[in-house]
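Below is one structure, written out as C-alpha cells; the observations come after it.
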Amino acid sequence: MSNWRPVGPAADWTAMEERVLAFWHERDIFQRSIDDRKGADPYVFYEGPPTANGRPGSHHVLSRVFKDIFPRFHTMRGRYVERKAGWDCHGLPVELEVEKQLGISGKPEIEAYGIAEFNARCRESVGEYLEEWERLTDRIGFWVDTSQAYRTMDTDYVESVWWSLATLFDKGLVYESDKVVPYCPRCGTALSSHEVAQGYKDVVDPSIYVRFPLVDDPGTSLLVWTTTPWTLPANQAAAISPDTAYAVVEVDGERLVMAEALVAKVIGDDAVTLRTMPASELAGSAYEPPFGHIPGKHIVVMSDFVTTEDGTGIVHLAPAFGEDDMRAAREHGLDAPNPVDRQGLFTDAVPEAAGVFVKDADRQLITNLEGRGRVFREKPYEHSYPHCWRCSTPLLYYAKPSWYIRTTDVRDRMLELNEQVGWHPDHVKHGRFGRWLEGNVDWAISRERYWGTPLPFWRCDDCETVTAIGSFEMLRDRAVDKVPVSLDPHRPYVDEIPIRCGCGGVAHRVPEVADVWFDSGAMPFAQHHYPFEGEDGLAGHFPADFVCEALDQTRGWFYSLLAEGALLFDEAPYRNVVCLGLILDPEGQKMSKSKGNVVAPWSVLDHAGADAFRWYLFTAQSPWDSFRFSLDVVDETRRRFLFTLWNTYAFLATYASLPDGFTPGDPAPPAAERSEMDRWALSRLDATTQVVTDGLAGYDPTNAGRALESLIDDLSNWYVRTGRRRFWRNDDATDRAAAFATLHECLSTVALLLAPFCPFVADEMWGNLVAAHDPAAPESVHLADWPTAGGRRDEVLEQAMAAALEATTLGRSARKEAKLKVRQPLKEAVIACPPATARLLEGLSQVVAEELNVREVRFVTDAEGLVEVSLKPNYRTLGPRFGNEMPAVAQAVASLDATAAVRALDSGTTVEIEVNGATQMLADDDLLREVRPSEGYAVAEGGSLAVGLSTEITPELQMEGLARDLVRAIQSARRTADLKVEDRIHLHLDGSGRVREAIDAHRAYIAGEVLATELTVGHGLPFTPKYREDGEIDGEPVSIALALP
RNA sequence: GGGCGAUUAGCUCAGGUGGUUAGAGCGCAUCCCUGAUAAGGAUGAGGUCCCUGGUUCGAGUCCAGGAUCGCCCA
C-alpha cells in the first residue's frame, strides 16, 4: 500500500511554501526541533537586534537567512540551539522618527513637548513595524523565537545594563572628561567613533589661506591654511612643525612665512625666498589674530601633529574645536574659549556672526576677513567630512564633558581575544577589525538625549561624589523617597529619584543616557536578565558559537560585544563571526529610497518564494561580497536549481506511485550489487554529503550549496535521463527496485542536506518521500538527524563516468558535424583513448551506446593503424625534473616516433630521448597521449579521448530509424489523445511501402514502446478510433489511429 | 592620505599547493529530444584573465609598482 502524494509541475511554488509554513505552525515543528535536543551540547546563537521602527528590506533578509542556516544545521547535528529574537529599541533613530511624526525638531522643542510624553511616543514607535518584521521573519523561514524576544527597553534589560555600567564604574573604568568630541548640533549630542564612522560624506568646503600679520615684523604675515573658516574666531595660537624649515618669501611686494617645502606648491614659481629659518626661531612670535574679540596669547607654538603634507605648514589652533588643537593647547598653557552654543550657533562673543549656525557663517566671516585684507587666497576644497549618521547634519568637533569607558585598558586583551575568533572572511580578523582594535580609543558612552538607557550615575549636590547604581534594589535602598513598585527606568522618571550620598548630602542622576551600541553589546547577558536571575548565570548562553551581521558592524555590534565581553567577563563573546556584504542594485549601486532602486523583499517572496531567495543569497557568491541583486537573478536561481530538483523529485514520485512502482522499504539489492549507474549515484551522494557537511561546519554555505547543486544536476541530467527506462515497464524487477531505491535514497538525503538551505521544499519532499511511508520517521525533515556519508565513495567509478560523459559529448559533437540526427541509429562509435581510460569505460559502454544511439561501442587503444597517436610531454612530472631544459625535452618528445614509443610503453618498457647530449628515460607517466581514430569516421576530439562515428547508414539502420520515428509520432498522438501514461491501446498504422517495411521489421519494438496490445496495418480501420491523425515521417506518408481496448 | 577587499566571456560568477585547449549558468545563434513534457538537452560563437615590470623552463595563479571600483578609517 503506497502513500504517494501526486506531484505536479512546480508551478505554484509559493503556495507550496505557505502549505509547509502552515504545517510547521500546526505541528509546532520549530519548538519541537529545539526541545528534542534538550540536554544536548548547546550551540549558542546571538541575534543582533534590529530596530523595528522601519520596514525590513532585502538586506535584512540576507542577514536573517544566514542567521538561520547554521542553527538549523547544528540542530540537525544534535546540538541544543536556542534562538531568542531581539529588538533594539532605544536611540537616536527612534527619537528622530518621533520628532518627524510630531513635527518638532531639536532638543528645546522636545523638552517643551515633555520628555515623559516624548519617550512614551518612542516606546510606541519601536513596535510600529514589529508585526511586519515578524511576518517577514516567519515567511522567509527564519526560525527564531519572537515570542520570547528580548527588548533593550525592557525593565529587566535596563537593569542588566545598569549592572554592567555600575560594575565598570566600580572597577574604575568609567570617567568623565572634557574632551573634544564629534558633536551633532542638531541632535545635541556627542557621537561615538563608530557612529562617526557611518556618516562620512564628500563635501566641498571653502578653504582659505589667511594672513596672520606678525606683530614685531610689519609687512610680514604667517600664511595659514584652513578648511573650517568658522573656527577662526576661536583662534588661540598658530602651530608649526618642530622639524621643519620655514621660509620668508616675497610675493607681489609682501612677505609671507610658510614651510619651505610648500612654497612652490602654494605660491608657485613667482616666489622669491628671502631667507629660511628653523622652526625654533619662529616659535614664540606674536601675531594679530584674525578676529579680535576673543582674548588669547596668539603666538606661534611648536607641535608634533603639524605636517607639511598639505596647507602651509602653519596650522591655526582653535582648542575648543579640534582634538589636536586641544592637546597642543594643554601643552602650551592656552585657554580653550568656545564661542559656539550647543545648537551650533555663534554666541555674542562673535559679533560678526552672532546667532548664525557655524557652517552657514563661513561666507560672512570670509567676507569680513577679505574686507580687512587678510585673505591671501580662497579655493573650494573637496574632502570627506563626518556627518550625523541619522540626520546628516555636519558634525562639529566640540569641547564638552562626556562619560567614557576606559576601553584602552583592555585593548591588548581584546587583541588577544580576537585571535580566538573564527572570522569569515578571515582577513577581517587582522585587517579591518584587528586594525580597528589596534587604534582603540576610550569609548564615549554618554548621549545627551532622552530615549535610551539612563546612565546609572548619581552625583552628589554637595560633595560631587558619583555613585553608580547597579540594581533597582540598590536604588530603592538609597532613594530619598519611596520608589514606585512598577518603576519605569527611563527618563524622566529616574531623573526624579534623588538618592542619599555617603556624605549625607543628596545626589541626582546625571542627565545623560547610554550609547545604544552599549545596549546591543550587552545582549549576551542582558537578554537573560543576568545576574539577577537563575543560579546558573550564563551557563549555556555565553559565549556565542556564532554571530552574523553585515560587514559594517565591525565598528558597531561586533565591537561593542567584544568590548563588553572583555571588560566584564575577560572572554571573547563569540567564537565565529560571519560578515555579510551589501545588497546592491543590478548596476552595483547602493539601494536607497531616493534612487528608487530598492527591491522590496515581499516582491521577491511573492513572486519567486523564500527557498529561491535563500538559495540565491547562499550560493550566488561568497557572503561577504556585494550582491548585485534583482528579482531576475532570484528567478534564474529558481529555474536553474529548484525546478531541476523538483522535476527529479516529481519524476520519482510519479513513477513510484504507478502500479508497478515502488514503496520506500521495498526490498532492493544491497548497494554494492547494484548497477554502475546506481553505484555512481551513491558515490556522488556520499561525496556530496561530506562536502556539504564540511562546508556548513566551516561556515561556508556557498561551496556547500554549489556541491549540492552539482549533485542535483548529475541526478537529473545524467542518472535519471539515461536511466528513465529502468523505472517504468522494466521487466527486470530487481533492476527496477535497485533504481528506485537508489533514486529514493539520493533524494531523501538531498532533502536532509537541503533542509538548512531551503527548509520549505526540503520538508515538502521529506513528507512525501519518507514521512508518508515510515511511521517511525520524523514527520518533518527539521526534526531529523543530519546524514552521514555512507562510505560508498568510488573515485575510480566517478572518473569513469566523467570519461563516459566526455565520450557522449564528443559523440554528439561528431554527429552534429556529420549532420546525423540522434534518432538515426548508427553502427558503431569508436572511442580512441589510452588503455587505462578504456578499462574505466568498458563497464559503461552500454550507457554511452544508448546516449549516442549506436549499436556498438568499440575501444581502440593500440597503435595498429586504427588510431593515430601523438605524444606531448607531461610538464607536471617532467618540469620539476628537467627545469630549464624543458624546451629541449619538448623538442625531443615531438620528434619521437609516437607509434613505436606507445608500443614500447604499453609493453612496459621506457622510452629514450636525448636532451642536450644526455640520454634520458621517460616512463608512461611522463608522456601524454593524444589518440584519434583514422579515416572513415566522423570524429570529435577532446582532452583525453576522441570519438569516431561510423557514418554509413545501411538499409537496415534506416528501417530502425524509421521505426523510432514512428514510435515518437505514436507517443505524440497518445498525448494529444489525452491518454494516461499506463493506458493500453489498440493501434492501427498505415503508410508507404517503406513505412510498412519498417513496421514489419520492428513490430514488437513499436508495440512494446507505445503499449499497443493489438497492432494492425493496412487500409481500412478494424475499430472505431478514439483518435487518428495523418502525417509524414521522413517524407513518407503515415497514418495513425488508436483506441482504448 | 591610510587600511581591507575586488577586477576572468555581453551579464553573474568558479578557477587546491604555478604545469601548456581558462570553466559554468544566463543571454545570443543553430539545433536536438519528445511519457520528467506548462519540461529537458546539445552544439557553437564569444576571453589582451585590469595594466606594467619581475621571479620561473613555464604565471589567471607568486612578487613589486600602477589604474579603476567598493567598503572602512583619517
Side-chain angles (χ1 to χ4, degrees), chain A residues 7-11 193-194 196-198 200 307 309-310 383-386 425 427-428 430-436 438-439 550-552 554-555 581-582 584 586 588-590 616 619-622 624-630 632-633 635-637 639-641 643-644 646-655 702-703 706 709-710 713 716-717 720-721 724 727-729 808-809 811-817 819 821-823 851 872-880 882-890 928 940-943 967-969 971-972 974-975 979-983 1009-1011:
Chain A
V7 178
S193 49
H194 34 287
V196 175
Q198 300 195 23
Y200 275 84
T307 69
E309 271 170 19
D310 48 24
H383 61 148
S384 103
Y385 190 84
H427 61 73
V428 174
H430 297 124
R432 184 176 287 222
F433 195 64
R435 291 194 179 259
W436 158 258
E438 284 167 19
L551 199 48
D552 56 10
T554 38
R555 268 82 172 173
L582 274 72
L584 306 174
Q589 299 290 308
K590 219 168 177 170
Y616 164 76
T619 60
Q621 71 258 308
S622 293
W624 42 86
D625 287 335
S626 298
F627 291 78
R628 295 208 173 185
F629 183 68
S630 66
D632 284 349
V633 294
D635 212 39
E636 186 197 322
T637 290
R639 286 199 309 272
R640 192 185 67 235
F641 173 66
F643 283 8
T644 306
W646 189 268
N647 279 334
T648 312
Y649 157 66
F651 173 86
L652 174 66
T654 302
Y655 285 95
T702 312
N703 284 311
R706 286 173 177 173
E709 188 162 334
S710 137
D713 191 60
S716 170
N717 289 325
V720 170
R721 191 164 61 78
R724 269 175 295 198
F727 294 88
W728 186 48
R729 289 192 287 122
T808 51
T809 299
R812 286 195 195 103
S813 182
R815 259 189 188 272
K816 179 107 170 173
E817 193 70 24
K819 299 195 191 336
K821 62 179 179 175
V822 179
R823 220 182 305 141
E851 278 298 292
K872 283 183 125 184
N874 182 359
Y875 282 87
R876 204 182 275 273
T877 61
L878 297 177
F882 288 101
N884 60 13
E885 289 180 320
M886 277 308 289
V889 173
L928 299 176
E941 293 175 83
V967 167
R968 189 195 66 83
Q971 297 288 30
S972 171
R974 282 181 59 111
R975 289 174 56 84
L979 297 188
K980 287 197 204 113
V981 179
E982 68 271 25
D983 281 342
E1009 284 299 303
V1010 303
L1011 300 185

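Order of the sequence lines sets the chain letters (A, B, ...), proteins ahead of strands, with each chain counted from 1.
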- line: Per-nt protein contacts along nucleotides 40-47 of chain B (heavy atom under 4.0 Å; B base, S backbone sugar-phosphate only, - none) come out as SSBS----
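Within the 4.0 Å cut-off from OP1 or OP2 of U21(B), at least one side-chain nitrogen or oxygen of Lys872(A) is found. The phosphate of U34(B) has neither OP1 nor OP2 within less than 4.0 Å of any side-chain N or O from Gln971(A).
If you check every strand for non-hydrogen atoms under 4.0 Å, Trp728(A) touches sugar and phosphate atoms only. No contact: Pro873(A) has no heavy atom under 4.0 Å from any strand. Nucleic acid contact for Tyr655(A): sugar-phosphate only, since backbone atoms but no base atoms lie under 4.0 Å from a heavy atom of the residue. At a threshold of 4.0 angstrom between heavy atoms, the contacts of Leu979(A) include nucleobase atoms, whether or not backbone atoms are also involved.
As rounded to whole Å, 13 Å separates atom P of G5(B) from atom NE2 of His430(A). Whole-Å rounding puts the Trp624(A) CH2 to G70(B) P distance at 22 Å. Put simply, CZ on Phe433(A) is 18 Å from C1' on G5(B), counting in whole angstrom units. Rounded to whole Å, the distance from CZ on Arg974(A) to C1' on U34(B) is 13 Å. Computed from coordinates, the Glu636(A) CD to G10(B) P distance equals 17 Å when rounded to whole Å. Between Asp625(A) atom CG and C71(B) atom C1' there is a gap of 12 Å when expressed in whole angstrom units. Whole-Å rounding puts the Asn703(A) CG to A24(B) P distance at 18 Å. Counting to the nearest Å, the P atom of U21(B) and the CZ atom of Arg876(A) are 13 Å from each other.
Looking only at distances, no side-chain donor or acceptor of Glu709(A) sits under 3.5 Å from a matching main-chain atom of Thr619(A). Under the 3.5 Å distance criterion, the side-chain polar atoms of Ser813(A) are left unmatched by any main-chain donor or acceptor of Thr809(A). Under a 3.5 Å cut-off, the side chain of Trp728(A) and the backbone N or O of Glu982(A) do not form any donor-acceptor pair. Arg974(A) places a side-chain N or O within donor-acceptor distance of the main-chain N or O of Asp983(A), the cut-off being under 3.5 Å. Between the side chain of Ser972(A) and the backbone N or O of Arg968(A), no donor-acceptor pair lies under 3.5 Å. Looking only at distances, a side-chain donor or acceptor of Thr554(A) sits under 3.5 Å from a matching main-chain atom of Leu551(A).
Arg432(A) places none of its side-chain heavy atoms less than 4.5 Å from the side chain of His427(A). Taking 4.5 Å as the limit, some side-chain heavy atom of Arg721(A) sits within range of a side-chain heavy atom of Glu851(A). Contact check for Phe433(A) versus Arg555(A): no side-chain heavy atoms found under the 4.5 Å cut-off.
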query: Which is it for Gln621(A) and Thr702(A) under the side-chain contact (heavy atoms from CB on, under 4.5 Å) test, yes or no, and what are the steps along the way?
result: CA-CA 7 Å; Gln621(A) 71 258 308; Thr702(A) 312; 5.7 Å; no
- prompt: Could you go step by step and tell me if Trp646(A) and Phe643(A) meet the ring pair (Phe, Tyr, Trp, His ring centres under 6.0 Å) rule?
  reply: CA-CA 5 Å; Trp646(A) 189 268; Phe643(A) 283 8; 8.7 Å; no
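Rounded to whole Å, the P atom of C57(B) lies 29 Å from the corresponding atom of G15(B). A24(B) sits 23 Å from C33(B) when the C1' atoms are compared, rounded to a whole Å. Nucleotides C71(B) and G66(B) have their P atoms positioned 22 Å apart, rounded to a whole Å. The same atom, P, is picked in C72(B) and in A9(B); the two are 27 Å apart, to the nearest Å. The C1' atoms of A36(B) and C49(B) are separated by 39 Å, rounded to the nearest whole Å. For the P atoms, the distance linking C62(B) with A6(B) amounts to 10 Å, nearest Å. For G18(B) and G53(B), the P atoms lie 23 Å apart once the distance is rounded to whole Å. Spacing between G23(B) and A14(B) at atom C1', rounded to whole Å, works out to 7 Å.
Taking for each of Thr648(A) and Gly883(A) the nucleotide of RNA chain B with the nearest heavy atom, the 5'-most of the two is the partner of Thr648(A). Where Ser622(A) and Phe882(A) meet RNA chain B, the nucleotide closest to each residue was compared, and Ser622(A) sits on the side nearer the 5' end.
Looking at RNA chain B, the stems built from 3 or more consecutive Watson-Crick or G-U wobble pairs, each pair with its key distances under 3.5 Å, are B:1-7 with B:67-73, B:10-13 with B:23-26, B:28-32 with B:40-44, B:50-54 with B:62-66.
In terms of polar N and O atoms assigned as donor or acceptor, the side chain of Arg432(A) comes within less than 3.5 Å of the base of C71(B) in a complementary pairing. Interface remark: the Arg640(A) side chain does not form any donor-acceptor pair with the G25(B) base, using a distance-only criterion of under 3.5 Å.
Here the side chain of Arg435(A) is nearest to one of C4(B), U34(B), G19(B), namely C4(B).
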